[in-house]
Amino acid sequence: MRKILFILSLTFLLFIQGIQAQTFRPIKGWSKEVNEKLESFLNSTLTMTERKVSVFDCDGTTFGQVPHYLADEALYRYADQVLKNRNDKDAKEKLEVLNRMVKNGDNVGKIYVEDRIHFLAGLSPSEIEMIGYNCFREAYEGKFYPEMKELIANLKEYGFEVWVLTASPEILYQKFVSEQLGIPEINILGAKCVVKEGKTTNEIILPIPQDDGKAHTIETYIKTRPLIVGGNSRGDMDMLNESAGLKIIVNPDDKTVRGEEDGPMNGYTVKSYWEKEGALIVKCNDVADPSVKFSTTEWKIRQNRPNPK
């Protein structure tokens, strides 16, 4: 009996110590009110035994996207550094795709998102991985929001799985996002394609994590409703509505009033809509580094420049 009581007492003590070890660390740069709401919510999950999942959009939510998306800059930079002086069929086809993307201009549209995959088709996963990684090191170093890193550190402390969703090519983002946020590469889900004999293909695997595809990606791959979802734009609305608990909106737009095509957001800005819905609105600093020369800018200038007579 004494042994049983001792074991029960020890188990209870370890349980209490485990709970006490999960301590919220206030996030610098965010208001006291925001921190208190985060701490209260995280403490409410302490006794939960089921999976605790958090899901975040990538560009604009975990790191800055000004003045250009990293996915686009990586492709334009690769074209400048590798393709533009080549004359072979593969290089010409890739440059045609890139010119089509510039003309399209809608870098959150379905066709544009798929064209990123088409541009990279034929390269190996390791080659694509390094295109993204090198672009990050050259042009986006330091753009991950420290506040979001602190938030994710808190989530890990409280036993949360952390997942990141992006409409950008998955392989392009996994290495640098994994390193910066300290999460497994398999927890970074993006636009996928079939890989055959060591090379990527044009064959896209659905769903693409864009608009309602982000919600479908959660159901397909994560397979549980997240307790926390974070995003920044209209394209994250369906994903944010998958949250069973807290919705976090980073730097939401407060200028553009959305139209009928935006469903329930019609008549609202992104910020005013989520304020109405009771989401947690947070601010992170996203500014361009004037010392970085962006290939995206140069490609857009060249595309709009009149042809010489």
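Being a predicted model, the structure only gives us computed values, none of them experimental. Residues take their numbers from the sequence shown, with the count starting at 1.
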Atom pair CG/CD of Asn154 and Gln22 - distance to nearest 0.5 Å: 11.0 Å
Distance-only polar pair, side chains of Gln180 and Lys149, donor-acceptor under 3.5 Å: yes
Single-linkage hydrophobic cluster, 4.5 Å side-chain cutoff, Val162 and Tyr145 together: yes
Backbone N/O of Phe41 and side chain of Ser44: donor-acceptor pair under 3.5 Å: yes
Nearest atoms (heavy-atom pairs only) where Trp274 meets Ile281: CB-CD1, 4.0 Å
Lys214 and Asp236 ion-paired at < 4.0 Å: yes
Leu42 vs Leu155 side-chain heavy atoms within contact, under 4.5 Å: yes
Ala279 to Ile249 - nearest heavy-atom pair and separation: CB-CG1, 3.7 Å
Glu179 vs Arg137, salt bridge (Lys or Arg N to Asp or Glu O under 4.0 Å): CA-CA, chis, key distance, verdict: CA-CA 12 Å; Glu179 285 189 2; Arg137 290 297 182 193; 3.3 Å; yes
Parallel, tilted or perpendicular: ring planes of Phe63 versus Tyr173, cut at 30 and 60 degrees: tilted
Minimum heavy-atom distance between Ile208 and Ala191, given as atom pair plus value: CG2-CB, 4.3 Å
Ser272 side chain vs Thr269 backbone, donor-acceptor pair below 3.5 Å: yes
4.5 Å side-chain heavy-atom contact, Tyr133 and Gln174: no
Smallest separation among heavy atoms of Leu70 and Gly132, with atom names: CD2-O, 4.3 Å
Electrostatic pair Lys110-Asp211, nearest N-O below 4.0 angstrom: no
Ion pair Lys89/Glu93, N-O distance below 4.0 Å: yes
Within 6.0 Å of CD in Glu261, more than 12 heavy atoms from elsewhere: yes
Worked check of salt bridge (Lys or Arg N to Asp or Glu O under 4.0 Å) between Lys283 and Glu147: CA-CA 9 Å; Lys283 179 78 172 75; Glu147 298 90 348; over 6 Å; no
Asn35 side chain vs Ser31 backbone, donor-acceptor pair below 3.5 Å: yes
Glu96/Arg100 ion pair, N-O < 4.0 Å: no
Arg225 side-chain N/O to Glu242 backbone N/O, donor-acceptor pair under 3.5 Å: yes
Student check: side-chain heavy atoms of Val55 and Leu165 closer than 4.5 Å: yes
Criterion side-chain hydrogen bond (donor to acceptor under 3.5 Å, both in side chains) on Thr220 and Thr217, from CA distance to verdict: CA-CA 5 Å; Thr220 303; Thr217 297; over 6 Å; no
Full working for side-chain hydrogen bond (donor to acceptor under 3.5 Å, both in side chains) between Asp72 and Asn107: CA-CA 8 Å; Asp72 293 335; Asn107 65 353; 3.3 Å; yes
Glu161 vs Ser54 side-chain heavy atoms within contact, under 4.5 Å: no
Pair Lys293 + Glu298: basic N to acidic O under 4.0 Å: no
Sequence neighbours excluded, every pair satisfying ring-ring contact (aromatic ring centres under 6.0 Å, His included) that has a member inside residues 76-124: Tyr76-Trp299
Identified side chain to side chain contact (heavy atoms under 4.5 Å, CB included) partner of Trp163 from the options Ile186, Ile183, Ile222: Ile222
Hphob cluster co-occupancy, Leu151 + Ile228, side-chain heavy atoms under 4.5 angstrom: yes
Pairwise distance NZ(Lys199) to SG(Cys193) - rounded to 0.5 angstrom: 12.5 Å
Under 3.5 Å: donor-acceptor pair, side chain of Thr62, backbone of Phe56: no
Hydrophobic cluster membership, Ile152 vs Val34, 4.5 Å side-chain cutoff: yes
Any donor-acceptor N/O pair, Ser40 side chain to Lys37 backbone, under 3.5 Å: no
More than 12 heavy atoms from other groups under 6.0 Å of NZ on Lys271: no
Minimum side-chain heavy-atom gap Val113-Val108 below 4.5 Å: no
Pi-cation contact, Tyr158 with Lys52 (under 6.0 Å, within 45°): no
Check: Thr297 and His68 side chains under 4.5 Å, non-hydrogen atoms: yes
Donor-acceptor pair, side chain of Asn251 and main chain of Cys284, under 3.5 angstrom: yes
Non-hydrogen side-chain atoms of Lys92 and Asp88 separated by less than 4.5 Å: no
Derivation and outcome, salt bridge (Lys or Arg N to Asp or Glu O under 4.0 Å), residues Arg86 and Asp90: CA-CA 9 Å; Arg86 279 171 41 184; Asp90 182 59; 3.7 Å; yes
Flag if over 12 foreign heavy atoms under 6.0 Å of CD1, Ile111: no
Separation of Glu50 CD from Thr224 OG1 (nearest 0.5 Å): 8.0 Å
Rounded distance (nearest 0.5 Å) linking atom OH of Tyr273 with atom OH of Tyr268: 8.5 Å
side-chain contact (heavy atoms from CB on, under 4.5 Å) assessment of Leu38 paired with Ile248: CA-CA 10 Å; Leu38 285 170; Ile248 301 173; 4.1 Å; yes
Check: Asp238 side chain, Ala215 main-chain N or O, donor-acceptor pair, under 3.5 Å: no
Main-chain N/O of Glu73 paired to Ser295 side chain as donor or acceptor, under 3.5 Å: no
Between CG on residue Asn43 and OG1 on residue Thr45, distance to nearest 0.5 Å: 7.5 Å
Side chain Asp262, main chain Arg258, donor-acceptor under 3.5 Å: no
Residues Arg77, Glu138: salt bridge by 4.0 Å N-O rule: yes
Distance (rounded to the nearest 0.5 Å) between Glu185 CD and Glu170 CD: 9.5 Å
Cluster link Phe160 to Met48, ILVMFWY, side chain under 4.5 Å: yes
Any side-chain heavy-atom pair of Pro209 and Thr166 under 4.5 Å: no
Shared hydrophobic cluster for Leu189 and Leu181 (ILVMFWY, side-chain gaps under 4.5 Å): no
NZ/NE/NH1/NH2 to OD/OE distance under 4.0 Å, Glu150 and Lys28: no
Residue pair Gln65 / Asp286: nearest heavy atoms and the distance that separates them: N-OD2, 3.0 Å
Heavy-atom pair with the smallest gap, counting every atom of Cys58 and Val164: CB-CG1, 3.6 Å
